[in-house]
Amino acid sequence: MKNRILFGFALLGALLMTSCASDDTADINITDNSDNSVTNNNTTGGSGGTGGQTIFLSGTYTTDLTLDANNTYKINGSLIMASGTTLTIPPCMTIEALAGGADVYVAISQGARIDAQGTADCPIIFTSDASAPAAGDWGGLILLGSAPINSVSGTATSTSEIASLPYGGTNASDNSGTLRYVRVQYSGGSADGQSENNGVSFYGVGNQTTVEYVQVFEGKDDGFEFFGGTVNANFISVVNAQDDSIDWTEGYTGTITNAYVKHGADHDKGIEADGFNTDIGNNSNPIYFSAPTVNNLTIIGLGSANSSEAIRLRAGTRATFNNVSLEGYAEGFDLDGNDTDSPTGAGVTSGETSVTDILFTDITLKVKNDTGVSFTDADLISGDGNGTGTDYATWGAGWTVGN
Amino acid sequence: MRQKITLTILLFFTFIIGFAQNGSIVGKVQDKETNNDPLPFVNITVKGTSKGTTSDLDGLYQIPDVAPGTYTLIFSFVGYKTQEVENVIVNAGKITNVDVIMTVNAAALDQVVITATTRKVSEAATLLEQKKSKDIVQIIGAEELARKGAGDAAAAVSKISGISRQEGSSNVYVRGLGDRYLNTTFNGLPLPSNDINKKNIELGLFATDVIENISVSKAYSSKQYGDFAAGNVNINSKDYKGKGYVEAFVGTSVNTNAIGEDFVVSEGSGFFGDYARHNQNPFAVILSHGVDPEDVSAPINVNFGISGGKSWDFENGSRLSVFGTASFENGYEYRRGEATDFTTVEKKAFEDAEEFEYSTTTTAMGTVNYKIDDKNKLKFNSLFINSSTNEVGYFGIDGQGRNRDAILNTDEGFYQMNAQFDQNQVYVNQLIGNHKSGKFELDWAAGYNFVLAKQPDRRRISIENYQFAFDNDPTTNPTFFSNVDYDNQRYFQDIDDTEFNGRINLQYEANENFKLNFGYNARSKERNFENIRYGYDIIDSDFAVTDVNNLDAVFNPSNLSLSSGQGIYAIKVINAIPTLSNTNRPGLPENTYTGNLDLFAGYADAEIKSDKWLIVPGIRFESFDQSISYDVINLGNNGNSSASAYENFILPSLNIKYALTEEQNLRLSASRTVSLPEFKETAPFVYIDVTNRIGGNPDLLGSNNPDFINVSDVSYSNVLNFDLKYEWFYGKGEIFSVSAFAKRISDPVNRVVAFDATGTQRYFRTGEEARVYGIEVEFRKNLLQNEDEETLLAAGFNTTLMHTEQDLFDVIQGTYSVNFRNDKDELQGASPIIINADVSYSPTFGSYKPTGNLVFSYFSDRIDALGSGQLGNIIEKAVPTLDFILKNKISDKFEVNFSIRNILNPDIKYVRETSGGDVLVTSTNGKGVSGYDRGRNIGLQLKYKF
């Protein structure tokens, strides 16, 4: 018996020797020259400093914050304007954000306003403080309002992807302030393992808000994203966004006039549009879908061999496009949906979704219909060949970059 | 057989009518092993008749209505020498007294382990314990566990009526109420959870060789913590008392699905579920080790273990007993099914997905009992469990996976790989004492628990255009999907829990019919959590993945992008170390939190006995203090904060037993209890799962914000419990019982998809109240007996029929918001029908006594996740389970056991109810795939006693 036990232990010992996990983690030395975005919080710098001081901005402001053109400002955390306050930024100011930090962004809460009015000669610039800035260095601009969203019903609000702030309501003519001649650069930093900031996010923003002459340059995620709301945006430009350049969802019903999208090496769609938030469903009563109007739109991809889709319409969204120019994609329009909760195709057959005057250049397939509802290209498109797109050379001159 | 039933019925009538001219036999059974302490639960039969009884807690027994004559009495008890007392003369109208002293049967000792106070291993004994208990409790002992082939505590409790288990996990539901309504204790002291998302420890971690018995209390008594809604599961650890033995077993089994597969596991862990890199910085681990899973040889399950015990008697009358057990088992499982995330649209769909799972459990327990004298006892118990699962999932292996947010191709070719290793180590140490003096008895216990739960180095890879991996065209290749930096990632998570707890109970026995209990409970628990994640930012989105099975060739330090435009990937972290970059640098944890829970309670109850009544009124005063402080990402300026709640409760309870006859009881139980929020439910940070995001909601602690709708200043649920039970113990090991129960839970908490931009699941008080009504029926019968009255064929059956409903608010508007389209729904996790059944056959061929068991269980469709707004419910489809276990005792020393588990091999499915019909989806409570079968497990085990 003893022998057997000994044998058993020997066997066990042998198993232990051969079967245990080993920690063969080696010392690996990497010589890294890429780390040039290390920040030094003590440096003064940037443009706009005229002998003033460098002021770090973060935290929740419950009173108005007016930036002084004589100072230099650096965002080093979440700068959140609470309801009832206004953030005023003078023209010509460049505001740098701490590169590489999580939770570095500017959020204008429901009931708060931003007053950022640059000029064509002297735009306001939000950018990274890195010496060699890169997309995703910091978060971005977030505006939240109380205009309708279809992800909730009645007076309920939803909470934002970044910062968990409330948005949405019943006030279509809500006013979150003014963005004019503003450039947002190197935004789109990760907020958690799944969420990234956009360049400018509009959460339930109302149509008394003024948004014109705004560019998002080198963003890691989407350029402009509209989560419901009624805000109108004029003269907007997205260059080198790595995800979708313009994105809408949750029942967005505003008008975008004069939009220019140009893709860089890494990119997703020119426009990716949902009728409602597919994570939580369409909870409006009566049910409605996103249905914006887009006038004078130009989207430029990397060629039909390299870029997949210019405009993707999903989850029941409607859209009225007037005067469009699409260039360099395998597919011009890709419509996805079904005949139940996501009736994207029904929007085409009912005439709620239409394209009037368009020019396709280097587009392999003009319309891809995955909606489960049959329609012809002509049901969607009229005036093929008549589109000119937006006159970016004129309105984009001077204040935009990366063209 | 018919004769036996007729006889039983006849006897029953006889009993009711009564014959005055008969005599009776009474007496006392004592235990030589314990200095002639009373020995309860001894079976006493009158040879040649069907008469018999069992000794009570005081060792006393009575056999009434015995016709005058001369009889032989047989006294038997597991582990003890059977005694026959001949020439017992019964005279009409007289009482015959027969006292015996039982001695341990050395040969039988090693089959059964005996506890010091009550011996609750045999089925008959556990039924008796149930019969005598003050409360409504169900007990399953080691013998029944072994017979029904329950491999662990989770399988064991699922044999009890009203209890069902979630397939593919060890979640246990008691009367449809899940984890947050249950408590688990070990020797009466609280146990910590090994899972951040759970309140209760995974019962599957307790192998049967550490279990003496498991009891499930479905009715509340004031000795229990007030956070009680569905039940308390108590596991009593094994003890030993006797001359000494050593037993060893070795076994093997195969899973019919796993056996043919080229099995893979996540790299870095060992055969025994160990991992040697816990002390390394995660950043060093990801630089030094790749992402590819590794092959393992033949997926054949093994198990082996050894246990033994010995007692020493000292001259002064004291005795020291030790018992130790150590065992290891592993299992290979292969699942092939679908993995789909469907809300109202298809978000991600893998119609062909597979998962490999290698799991291990290592258990060691040591128990030292020291009986100082007849009045004072001490016990020290130490338990260690190491459990691990190693899962590798490949999703979209047919090249046809779809992701609606894919960049290059939304129609096909989306593919993901997830390889993760989870290791849980649980240490439990308890010191327990019992002291008697006159009319006083003092019970006390103190415990220290420690849990380490780690998920080191989970690897997740996302690929687009995977279909190009099959086309043999070197010019077309898959590429990485890198929408966010963390689509290709390595993840590390650490939790540790520390708990001190204690209980003390003083019993005063005024007289036989009146006892008083005074007690105090305390527990203080702390949890620390942290996680960190590194993402692979792919520099060139067109980078061709030429061999999807050799990603180590990509993700190794020589391809790290160290200067602009160079290399293949850069490593990103969310929380950079201040002054360091977030690129190619180690970082700080993403989320950390520390949770504290303190519960202190005093209670008193009385046991008032009369001839037929046992009335136990009780009251408990409990204070509850919980706080959580957290530092989490993506909550803006609210990310570094804390929350807390403090409440005092007064909890009355009443348990009444009325003995209709010697064998039949009527029981009634009514109580008020509470249901408390957990820290994970209130901490407003988001845990990102493979397909889900789960976050807490501080509103659960109550709010009086006037702008909020349907959010009130309530931090706990009031629970009212009512149970009525009829039970009839009509024969040895036989029972028939019917019970009705009702519960009302105010302000119930459900996890639903909140209305936020990302569809994060959060906890809400979803309505004013939930109601549960149900009936349970249990029936156990010996169908065939041999001439020695040993049961040959026995069958058991229990079923629970339930109706549940909860009110749902139309709109909830608080810190987070949600709405419901229905104003009522069933309770999450509640199956309207639960059935457990078993048949056992144990013929005797001389000394060869095999036992064959067929064990069946079933639960009907139930809500797995409550839908909100336009989202339909997720339904867990009904699952029947059938196992066959053959215990083959070849000789006194040698056993060869054989089993086939999961004979029916049903599909495990979750579906989302949608306007277009049911859609097969995966669930957070299930595995990575859905619509799979688990395969049959065919096993062989050899057991030898030295």
Side-chain angles (χ1 to χ4, degrees), chain A residues 1 15 19-23 25-26 28 30-35 37-39 59-60 78 80 100-103 107 132 151-154 156-165 190-196 227 243 265-266 268 277-283 308 314-315 336 338 340-342, chain B residues 268-272 274-277 280 284-285 287-289 343-345 347 404 407-408 483-486 489 533 541 557 560-564 574-576 579-585 633-637 639 686 688 753 755-759 811 813 816-817 819 869-871 915-916 946:
Chain A
M1 189 189 90
L15 264 171
S19 307
C20 272
S22 62
D23 173 21
T25 302
I28 293 183
I30 51 175
T31 309
D32 185 359
N33 304 317
S34 73
D35 188 24
S37 58
V38 173
T39 51
T60 302
S78 307
I80 296 175
D103 285 347
S151 46
V152 298
S153 55
T157 57
S158 182
T159 48
S160 60
E161 180 175 7
I162 311 293
S164 285
L165 294 166
S190 296
D192 60 35
Q194 280 179 342
S195 301
E196 283 177 332
F227 297 86
D243 200 351
D266 285 343
D268 198 350
N277 182 333
T278 53
D279 285 319
I280 58 180
N282 189 338
N283 299 303
S308 57
R314 314 183 295 188
D336 282 4
N338 58 35
T340 55
D341 298 320
S342 297
Chain B
S269 66
F271 179 80
F272 290 99
D274 53 322
Y275 183 84
R277 299 170 193 155
Q280 295 286 354
V285 172
L287 283 180
S288 199
H289 303 284
T343 52
T344 55
V345 299
K347 296 177 67 65
R404 80 191 292 271
I407 292 173
L408 300 176
N483 183 29
V484 302
D485 290 340
Y486 303 94
Q489 60 163 264
R533 181 190 328 255
S541 59
L560 195 57
S561 176
L562 296 173
S563 58
S564 183
I574 289 178
N575 256 356
T579 77
L580 280 190
S581 165
N582 67 340
T583 304
N584 297 334
R585 291 289 180 275
I633 55 170
N634 200 12
L635 269 183
N637 296 323
V686 175
I688 302 173
V753 172
F755 289 176
D756 69 15
T758 52
V811 170
Q813 177 68 60
Y816 302 100
S817 65
N819 76 15
Q870 200 184 15
L871 303 188
S915 58
F946 298 100

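In what follows, every chain begins at residue 1, and chains take the letters A, B, ... in the order their sequences are listed. What you see below is based on every heavy atom in this structure, not just the backbone, and it leaves out hydrogens, waters and symmetry mates.
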Heavy-atom pairs under 4.5 Å with chain B, option from A:Thr340, A:Asp336, A:Val152 with the top count: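 Going by pairs under 4.5 Å, I would pick A:Val152.
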Please identify, among A:Ser160, A:Gly59, A:Ala163, A:Ala107, the residue contributing the most non-hydrogen atom pairs under 4.5 Å to chain B.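 When all of A:Ser160, A:Gly59, A:Ala163, A:Ala107 are compared, A:Ala163 has the most.
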Going by atom types alone, do A:Thr278 and B:Arg404 pair a side-chain donor with an acceptor below 3.5 Å?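 Their side chains do contain a donor-acceptor pair, which is all the 3.5 Å distance test asks for.
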Using a distance-only test with no angle check, is there a side-chain donor-acceptor pair under 3.5 angstrom linking A:Asn277 and A:Ser151?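 The criterion, which ignores hydrogens and geometry beyond distance, is not satisfied for A:Ser151 and A:Asn277.
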Under a 4.5 Å heavy-atom cutoff, which of [options] has the most pairs with chain A?
options	value
B:Arg533, B:Arg277, B:Gln489	B:Arg277
B:Asn634, B:Val285, B:Thr343	B:Asn634
B:Leu871, B:Val811, B:Val753	B:Leu871
B:Leu408, B:Leu287, B:Asn637	B:Asn637

How long is the gap from [atom1] on [X] to [atom2] on [Y], to the nearest 0.5 Å?
X	Y	atom1	atom2	answer
B:Ile574	B:Asn582	CD1	CG	9.5 Å
A:Ser164	B:Tyr816	OG	OH	4.0 Å
A:Asp192	B:Ile633	CG	CD1	5.0 Å

Measure [X] against the heavy atoms of chain B and call it side chain, backbone, both or neither at under 4.5 Å.
X	answer
A:Asn338	side chain
A:Ser158	both
A:Ala315	both

Could B:Lys347 and A:Asp279 be called an ion pair, given the rule that one side-chain N must be under 4.0 Å from one carboxylate O?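 Salt bridge: yes.
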Go through it in stages, so that I can follow the logic: the residues are B:Thr344 and A:Asn282, the test is side chain to side chain contact (heavy atoms under 4.5 Å, CB included), and I'd like the CA-CA distance, side-chain angles, deciding distance and then a yes or no. CA-CA 9 Å; B:Thr344 55; A:Asn282 189 338; over 6 Å; no
Given that the side chain runs from C-beta out, which part of [X] has a heavy atom under 4.5 Å from chain A: side chain, backbone, both or neither?
X	result
B:Asn819	side chain
B:Gln813	side chain
B:Val484	both
B:Leu560	side chain

Can you find a heavy atom in the side chain of A:Asp341 that is under 4.5 Å from one in the side chain of B:Val345?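 No, side chains not in contact.
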